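Since the structure comes first, as structure tokens, the remarks are kept for the end.
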Amino acid sequence: MQLFLDTADISQITARVEGGLVDGVTTNPSLIAKSGADIIERIAEICAVVPGPVSAEVVATGFEGMLEEGRRLRTIADNVVVKLPLTTDGLKACRTFADEGIPTNVTLCFSLNQALLAAKAGATFVSPFVGRIDDMGGDGLGLLEAIREVYDQYGYETGILAASLRSVTHVEMAARIGCDAATLPPGIFDALVTHPLTDSGLKAFLEDWKKTGRNGLSQG
Ligand code: E4P
């Protein structure tokens with residue numbers, strides 16, 4: 001499963017790319033606004049440090065405007081993925097971009113029918129918003145399962161990008177369900193590596209080693 005960082009904060013991204021575990025980045029208008037940066041400049045900065053898919057979202061709501069903005073975003077770098085809202089116009093723009101070979105991420109997906117339409121429109125990724133569904137008392141992970149089942153049943157190639165994730169358990173479940181990618185806020189990304197037994201186990205190993213009086217692995 002690909003792991004994306006869900007942020008437009010360039011310092012948060014650069015701090016995490018070196019380990020080679022970050023496969024891409026997702027942004028949205030709220031995240032860009034929060035960063036205070038110009039969208040074109042910020043997406044260019046992100047693309048310069050992340051070679052994988054970088055989702056940049058249009059803010060136009062009409063078909064023509066989406067095409068214009070999507071094309072503008074694509075001039076920034078080859079790894080820009082045009083993020084489109086799951087609306088009638090968004091799906092129409094998705095089909096146009098798909099026919100042109102331009103990668104897309106259809107976002108704000110809250111139902112199986114919406115995910116079905118995104119696949120039929122040729123989306124590269126669909127982004128079901130797990131956390132926001134849970135927030136409303138729904139079953140966000142259940143939606144991921146249903147989309148996986150239907151996409152497999154019909155052989156749709158659209159990647160399921162689990163979004164709006166709120167916990168490490170969401171990430172584990174997205175992986176078990178067979179999502180193609182998950183986008184994570186930096187804090188959740190960092191939390192994936194930690195386990196209290198890893199910390200206490202390492203501490204005990206190092207204390208035992210210290211008792212040998214050796215430095216590192218050498219005899220000296
Ligand atoms: C990413 O593509 C989405 O925009 C993001 O995951 C939404 O997350 P939120 O529900 O925490 O705002």
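Both ligands and their constituent atoms are indexed starting at 1 by order of listing. For clarity, every value in this text was computed on a predicted model and none was experimentally measured.
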For [atom], what is the nearest protein heavy atom, given as residue, atom name and distance?
{"atom": "atom 4 (O) of ligand 1", "value": "N28 ND2, 2.7 Å"}
{"atom": "atom 3 (C) of ligand 1", "value": "F129 CZ, 3.5 Å"}
{"atom": "atom 12 (O) of ligand 1", "value": "R132 NH2, 2.8 Å"}
{"atom": "atom 5 (C) of ligand 1", "value": "D6 OD2, 3.1 Å"}
{"atom": "atom 8 (O) of ligand 1", "value": "S164 CA, 3.5 Å"}

Report the residue from L73, N28, I46, N105 that forms a side-chain contact (heavy atoms from CB on, under 4.5 Å) with S55. N105
Please say which of V81, T87, V82 ends up in a side-chain contact (heavy atoms from CB on, under 4.5 Å) with L84. V82
Assess whether a salt bridge exists between [X] and [Y], defined as any Lys/Arg side-chain N lying under 4.0 Å from an Asp/Glu carboxylate O.
{"X": "E100", "Y": "R71", "answer": "yes"}
{"X": "R72", "Y": "E68", "answer": "no"}
{"X": "R95", "Y": "D99", "answer": "yes"}
{"X": "D152", "Y": "R148", "answer": "yes"}

For E57 and ligand 1, answer yes if some heavy atom of the residue is under 4.0 Å from a ligand atom, otherwise no. no
Any idea which atoms of ligand 1 are less than 4.0 Å away from a heavy-atom of [X]?
{"X": "R166", "value": "9 (P), 10 (O), 11 (O)"}
{"X": "T26", "value": "1 (C), 2 (O)"}
{"X": "K83", "value": "1 (C), 2 (O), 3 (C), 4 (O)"}

Please write out which residues are connected to L31 in a hydrophobic cluster, directly or through intermediates, given that two of Ile, Leu, Val, Met, Phe, Trp, Tyr count as joined at side-chain heavy-atom separations below 4.5 angstrom. none
